[in-house]
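Please see the structure below; I have some questions.
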Amino acid sequence: MDNKPIIALDFSDISELEDFLSHFSHEQLSVKVGMELFYSQGPQIIQTIKEKEHAIFLDLKLHDIPNTVKRAMASLSRMGVDMVNIHAAGGQAMMEAAREGVKQGTPAGQKEPILLAVTQLTSTSQEQMRREQATALSVRESVLHYARLAYNAGVDGVVCSALEAASVCSITDQSFLRVTPGIRPEGSEKDDQSRVLTPFEAKQAGATHIVVGRPVIQAQHPFLAYESVFKEWKGEISDDN
Ligand code: C5P
């Protein structure tokens, strides 16, 4: 999977998805398939998207006992997706088991999917962590703690805020991926995201990949919206600035 902006396909309706992808029949995209699309359409959706030759980040955030995660990861890797993920909160043994599962499931001769760990969800507040996770760590400290754990478990990178990307890099290494949602192109709506960065700011802040949903999938002209995000990500000034 290269480092094109990853488009979050947050649809549950197959015709809406088909309509969106029809704007990109000559473009090979990197897309994110989350729980909404996968659980509503079933595993067949992966084949449908692969036939259009888009690279797929299958965002199902596995979290269970190590043996179950290993076997589930083997099944996901068999589908030929390019990126998968787990919750770092499942622990080091679970993350190592996931790595094993990825290896076992990947068909011979094919590249293993990239394995990412989710650190803290952006919906988790400081107060919630104190009350519900019974920890005195700040969100940031916890993200860095989980990033280090994931790195030690042989995971390829983390999903985190671009605001934490540089710190994650400093405690791991350059090749450890920092995949960052919460991205809004210059001048677009924030929707329900609170701390947003532009594609260019995210790059400057140390993100290796960005995930963008609504600014592209709900745009009147999805292809133009995508091109503009891509240009900002590459550091080119977009036409309308
Ligand atoms: O539409 P928007 O660009 O906000 O979509 C961002 C995507 O990234 C959504 O699929 C959302 O679930 C996902 N995501 C996020 N924050 C996280 C992890 C994933 O926004 N911490």
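Counting convention: from 1, in listed order, for ligands and their atoms alike. What you are looking at is a predicted structure, and each value in this text was computed from that prediction instead of being measured. We number each residue from 1, following the sequence as shown.
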Presence of salt bridge, K111 and D82, under 4.0 angstrom: no
Backbone or side chain, does any N or O of K32 fall under 3.5 Å from an N or O of ligand 1? yes
Within 6.0 Å of CD in Q133, more than 12 heavy atoms from elsewhere: yes
With heavy-atom distances below 4.0 Å as the criterion, list the atoms of ligand 1 near A8. 7 (C), 10 (O)
For atom 2 (P) of ligand 1, what is the closest protein heavy atom, and at what distance to 0.1 Å? R184 NH2, 3.5 Å
Looking only at distances, can you tell me whether any N or O atom of G213, backbone or side chain, sits closer than 3.5 Å to an N or O atom of ligand 1? yes
Close approach, D191 and ligand 1, non-hydrogen under 4.0 angstrom: no
Could you tell me if T198 and E186 have a donor-acceptor pair between their side chains, going purely by distance under 3.5 Å? no
Hey, can you tell me if F20 and F11 have their rings parallel, tilted or perpendicular (30° and 60° cut-offs)? tilted
Taking NZ, NE, NH1 and NH2 as the nitrogens, is one of them in E112 or R99 under 4.0 Å from a carboxylate oxygen of the other? yes
Protein contact to atom 19 (C) of ligand 1 [nearest heavy atom, distance to 0.1 Å]: P181 CG, 3.8 Å
Can an N or O of R214 be found at a distance shorter than 3.5 Å from an N or O of ligand 1? yes
Under the ring-ring contact (aromatic ring centres under 6.0 Å, His included) rule, collect the residues that match up with Y146, sequence neighbours excluded. none
Can you check whether D59 reaches V33 side chain to side chain, under 4.5 Å on heavy atoms? no
Nearest non-hydrogen protein atom, atom 9 (C) of ligand 1: D10 OD2, 3.3 Å
Atom 20 (O) of ligand 1 [closest protein heavy-atom partner, distance rounded to 0.1 Å]: Q193 NE2, 2.9 Å
Report the part of T122 in contact with ligand 1, treating N, CA, C, O as backbone and CB onward as side chain, heavy atoms under 4.0 Å; options are side chain, backbone, both, neither. both
